[in-house]
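Have a look at the structure below, then the notes.
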Amino acid sequence: MAVLAGTAFLPGLACAQIADPGPGQGAPVAPAPVDTTQTTPQDETIVPDAEFEAALPKLSDDINAPLEPMKDFQQPAQPVTPGTVTSEIESFPPPAAEAPEFAQPLTPLSEFKVEPVKIEGVDDEKATTIRYTVAVEGLDKIGLEGRFRDLSALEDGDGKAANAAMVAARAREDELLAVRLMHSLGFYDGTAISTIEQNPQNSGNVRATITATPGALYRLNNVAIVSGPTVPPGLLDRELNLNPGDPIQAERIQGAEANVSLRLPQQGYPFVKLGDRDILLDEETHQGDYTLPVELGPRAVFGEIVTQGRRQVFDVEHINILRRYKPGAIYDSRQVDDLREALIATSLFSTVSVEPVRTEKPGPDGTEVVNLLVRQNRGRPRTLAAEIGYSTGQGIRAEGSWTHRNLFPPEGALIASGVLGTQEQGVTGTFRRSNAGRRDRTFQVSAALNHQDFAAFESYTGSIAVRWSRDSTPIWQKRWTYFYGGEIVGSNEDQFNFNKGARDRGTWLIAALPSFIGYDASDNLLNPTRGFRLKANVSPETSVRGAARPYARLMAEGTAYYPVSSSVVIAGRARIGSIPGIARNDLPPSRRYYAGGGGSVRGFGYQELGPRSPDGRPVGGRSLNEFAIEARYRFGNYGIVPFIDAGQVYEGLYPTLQNMRFGAGIGGRLYTNFGPLRVDVATPINRKPGESRIALYISIGQAF
């Protein structure tokens, strides 16, 4: 269809059209001539130009004048020409009210779930997963590639993504990561870009490459500390230890500031505060000016201890026993931490804190007296504990206890304990006062009734003991430990009487003054991995059965721990003992030395080593030696421990290292927050008739 040229498109005017002739119709037919002299009614609707211009509103000559507000704009009335059809423009009806559901909030995106369409025969995971590899360039030059890969979003994706867009998003995250890491080492001009390409071409697999350009390393130019004078002078500069020429590295800067926060309170400034650092970088010289404002606060000396809390455990007098500093000494935060740890070690608090408090009282040499505020709230004082173990030859042994740690304040505990086992039963009552008159000194009185039925002897024993000690605990492991005291024991025991050639029973009264000293240079009380320990026991004793026979029981032991790697520790133990001053057969059987068992030579039954009586039962001896070595391999919370033990008991006074017996085995460990659980299986080497073929030991803690 073609439109005639020159036709005016105005209202009421129809357009004449020419139809294209169909095939074979010949030339088009000309239209009838139009009479232009006649005026139709439609022509009168055309507004002359002069009238149209006059109807337009007058515009201002100022082109920058503001427009007339719409509300003030009046449209001029249009003249009505006779014969013109007029119509009113009807206004639109008001909109209908929205449906209530459209006013409700949309479902949160986190709760919006869309189940993908399942296509039969198509593995969605394979169809929507692409594989990629990661290449890193430039970071190896400044030693950051390993750290980058540890934190990388691409590496975290394990080489798989739903699509290429996800790979690109991870790459953009890694660009920012690379820049942050370079900034942390002082490369503030560092840039990073990522590229993604198919590798190999058209394979569907892609390679993401992170290319880093570190740029120049920025170094410190000027180091300024804005603070008052210190005592001694230069204290802040020495503890901050940042110097011109040092790289502007985040870890170094933060570590230096942390050292100031740590060391200043140790040297008399408990209220020191560090302000916000300012580092001004120069892009041309690649240097930076470092400024650190420091508010020192007063230099302080120790004052009094004050307490606060609704349910207090200790008064000021007892807390003063626990402190190691003297009032008037220069404030040292290490002494405050030590006091806090001593309070925690009592296990009597639900919460406890120690903090310095200003007093505004002047001290010597321009200092200020600072008190220590102890905030304390009482915890539960009672404890129930239980332990169970098993070993071949000794059977099951279960031990339980009930403790009230502060029944007789301060720190006066009452302990009731019991043992129930295949070969041992007994009850014990103990009064114990911790920090008795002096820190870390414990006073203890106990009374016990016990029955033991071992292969070597059977005994019924009653004892009363008193001792003073300095002990290690899992919370407070001490370098030096000791105890000394006295003990009176009445015991009825059976033994093999070599004069009669038969077993008989006898009653002994034993008085002893046992003592012990130990030195612990290991790194952990229950699970040591490095260091060593030394122990020595001396107990002068007298046994009375018809006649008094004085003697001494001596024992020395050393253990060592050497870490071969982060997961393997070699541990060794050596022990020797001797009892001078008495013949073996005059000794009560319970006071002799024995060897064999889970805490001695594994692979043998409890007390199985050493001389035997004609009836085949162990008789013990006056001396012994024991040795052990094991390799402790740990992986996660589990461990495997192969070991070899050796030892022997002798009738004579000195351990001769002759006729040594060996046991070998392997153990398993389950490491918990209260110590390792131990399961050891061992067998004797060159086993003799009557000896155990396999020995099993289950207990808590390492063998040594």
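As a basis for the values below, the full set of heavy atoms in this structure was taken, side chains included, without hydrogen atoms, waters or symmetry mates.
- Between atom OG of residue Ser623 and atom CG of residue Leu653 there is a gap of 7.0 Å, rounded to the nearest 0.5 Å.
- With a 6.0 Å radius and a threshold of 12 heavy atoms from other residues, nucleotides or ligands, Tyr484 has its OH atom above the threshold.
- Not counting sequence neighbours, the partners of Arg375 by the salt bridge (charged side-chain N to carboxylate O under 4.0 Å, His left out) test are Glu355.
- Considering all non-hydrogen atoms of both residues, Gly701 and Arg678 come closest at O-NE, 3.2 Å.
- Annotation for Val649 and Tyr594: closest pair CG2-C, 3.7 Å, computed over non-hydrogen atoms.
- Side chains of Arg340 and Gln335: a donor-acceptor N/O pair is absent below 3.5 angstrom, by distance only.
- Looking at residues two or more places apart in sequence or on another chain, you find a side chain to side chain contact (heavy atoms under 4.5 Å, CB included) between Ser347 and Arg405, Ile475.
- Under the 3.5 Å distance criterion, the side-chain polar atoms of Ser333 are left unmatched by any main-chain donor or acceptor of Val336.
- Side-chain atoms of Thr542 and Ile510, non-hydrogen and from C-beta on, never get closer than 4.5 Å to each other.
- Heavy-atom contacts from other residues, nucleotides or ligands closer than 6.0 Å to OH of Tyr562 number 12 or fewer.
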| request: Decide side-chain hydrogen bond (donor to acceptor under 3.5 Å, both in side chains) for Thr351 and Gln376; before the verdict, give the C-alpha distance in whole Å, the side-chain angles of both, and the deciding distance to 0.1 Å. | output: CA-CA 6 Å; Thr351 59; Gln376 52 176 311; over 6 Å; no

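- Between Arg693 and Arg687 the shortest side-chain heavy-atom distance falls below 4.5 Å.
- A salt bridge is absent between Asp337 and Arg334; no separation between the charged side-chain nitrogens and carboxylate oxygens falls under 4.0 Å.
- When atom types are taken as modelled, the side chain of Arg439 and the backbone of Leu322 share a donor-acceptor pair closer than 3.5 angstrom.
- Rounding to the nearest 0.5 Å places CZ of Arg622 at 14.5 Å from OH of Tyr650.
- Between Tyr482 and Tyr519, the gap from one ring centroid to the other reaches at least 6.0 Å.
- Within the model, atoms OG of Ser472 and CG of Leu526 stand 10.5 Å from one another, a figure rounded to the nearest 0.5 Å.
- Annotation: salt bridge (charged side-chain N to carboxylate O under 4.0 Å, His left out) contacts involving residues 381-391, sequence neighbours excluded, are absent.
- Residue pairs meeting the salt bridge (charged side-chain N to carboxylate O under 4.0 Å, His left out) criterion with at least one partner in residues 508-533, sequence neighbours excluded, are Asp520-Arg533.
- Annotation for Leu262: atom CG counts as buried by contact number, over 12 foreign heavy atoms lying within 6.0 Å.
- If you look at Phe408 and Phe431, their ring centroids are closer than 6.0 Å.
- Under the side-chain hydrogen bond (donor to acceptor under 3.5 Å, both in side chains) test applied with His451, the options Gln423, Glu424, Glu458 reduce to a single match, Glu458.
- A donor-acceptor contact under 3.5 angstrom links the side chains of Thr461 and Ser491, judged on distance only.
- In this structure the side chain of Met555 reaches within 4.5 angstrom of the side chain of Arg575, judged on heavy atoms.
- Between Pro327 and Glu304, the closest side-chain pair of non-hydrogen atoms is not below 4.5 Å.
- The line from CD of Gln607 to CZ of Arg617 is 10.5 Å long, rounded to the nearest 0.5 Å.
- Side-chain contact between Leu414 and Thr403 is absent, with no heavy-atom pair separated by less than 4.5 Å.
- The cationic group of Arg467 lies under 6.0 Å from the six-membered ring centre of Phe483 and within 45° of the ring axis, placing it in a cation-pi geometry.
- Applying the side chain to side chain donor-acceptor pair (under 3.5 Å) test to Arg432 and every residue at least two apart in sequence or in another chain returns nothing.
- The two residues Ser543 and Ile582 make their nearest non-hydrogen contact at OG-CD1, 4.1 Å.
- Two rings, from Tyr561 and Phe532, have their centers 6.0 Å or more apart.
- Val354 has its side chain out of reach of Leu373: every pair of non-hydrogen atoms, C-beta onward, lies at least 4.5 Å apart.
- For Thr656, there are no side chain to side chain donor-acceptor pair (under 3.5 Å) partners at least two apart in sequence or on another chain.
- Contact annotation: the side chain of Pro655 never approaches that of Leu624 to less than 4.5 Å [non-hydrogen atoms, C-beta and beyond].
- Looking only at atom types and distance, the side chain of Glu541 has a donor-acceptor partner in the side chain of Ser539 under 3.5 Å away.
- Counting heavy atoms from C-beta on, the side chains of Val601 and Leu609 come closer than 4.5 Å.
- In this structure, Asn406 and Pro409 approach most closely via the heavy-atom pair OD1-CA, 3.5 Å.
- The existence of a salt bridge linking Asp586 and Arg591 is excluded, since no basic side-chain nitrogen approaches an acidic carboxylate oxygen closer than 4.0 Å.
- In this model, a donor atom of one side chain and an acceptor atom of the other lie less than 3.5 Å apart for Asn492 and Thr507.
- To the nearest 0.5 Å, the span separating CG on Asn686 from CZ on Phe662 amounts to 9.5 Å.
- The environment of Asp615 atom CG is dense: over 12 non-hydrogen atoms of other residues, nucleotides or ligands sit within 6.0 angstrom.
- Residues meeting the side chain to side chain donor-acceptor pair (under 3.5 Å) test with Asp453, sequence neighbours left out: none.
- Note that Arg634 lies in the cation-pi zone of Tyr671, set by a 6.0 Å cut-off to the ring centre and a 45° limit from the axis.
- For the salt bridge (charged side-chain N to carboxylate O under 4.0 Å, His left out) condition, the pairs that include at least one residue of residues 645-673, sequence neighbours left out, are Arg584-Glu651, Arg602-Asp645, Arg661-Glu691, Arg669-Asp680.
- For Asp471, the side chain to side chain donor-acceptor pair (under 3.5 Å) criterion is met by Ser469, not counting sequence neighbours.
- Atoms CZ and CD1, from Arg397 and Ile698 in turn, are 15.0 Å apart once rounded to the nearest 0.5 Å.
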| task | Show your working on side-chain hydrogen bond (donor to acceptor under 3.5 Å, both in side chains) between Gln267 and Asp332 and close with a plain yes or no. | result | CA-CA 6 Å; Gln267 301 177 71; Asp332 188 338; over 6 Å; no

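- Asn435 and Ile321 make their closest contact through O-CG2, 4.3 Å (heavy atoms, listed as atom of the first residue, atom of the second, distance).
- Within 6.0 Å of CD1 on Ile488 lie no more than 12 heavy atoms contributed by other residues, nucleotides or ligands.
- Partners of Arg632 according to the salt bridge (charged side-chain N to carboxylate O under 4.0 Å, His left out) rule, which considers only residues two or more places apart in sequence or in another chain, are Glu630.
- Sorted by first and then second residue, the side chain to side chain donor-acceptor pair (under 3.5 Å) pairs with a member in residues 313-322 read His318-Glu411, Asn320-Arg323; sequence neighbours excluded.
- Within the structure, the salt bridge (charged side-chain N to carboxylate O under 4.0 Å, His left out) test picks out the following pairs touching residues 485-496 (sequence neighbours left out): Asp494-Arg503.
- Taking every heavy atom of both residues into account, Ser578 and Tyr593 meet most closely at N-CE1, 3.4 Å.
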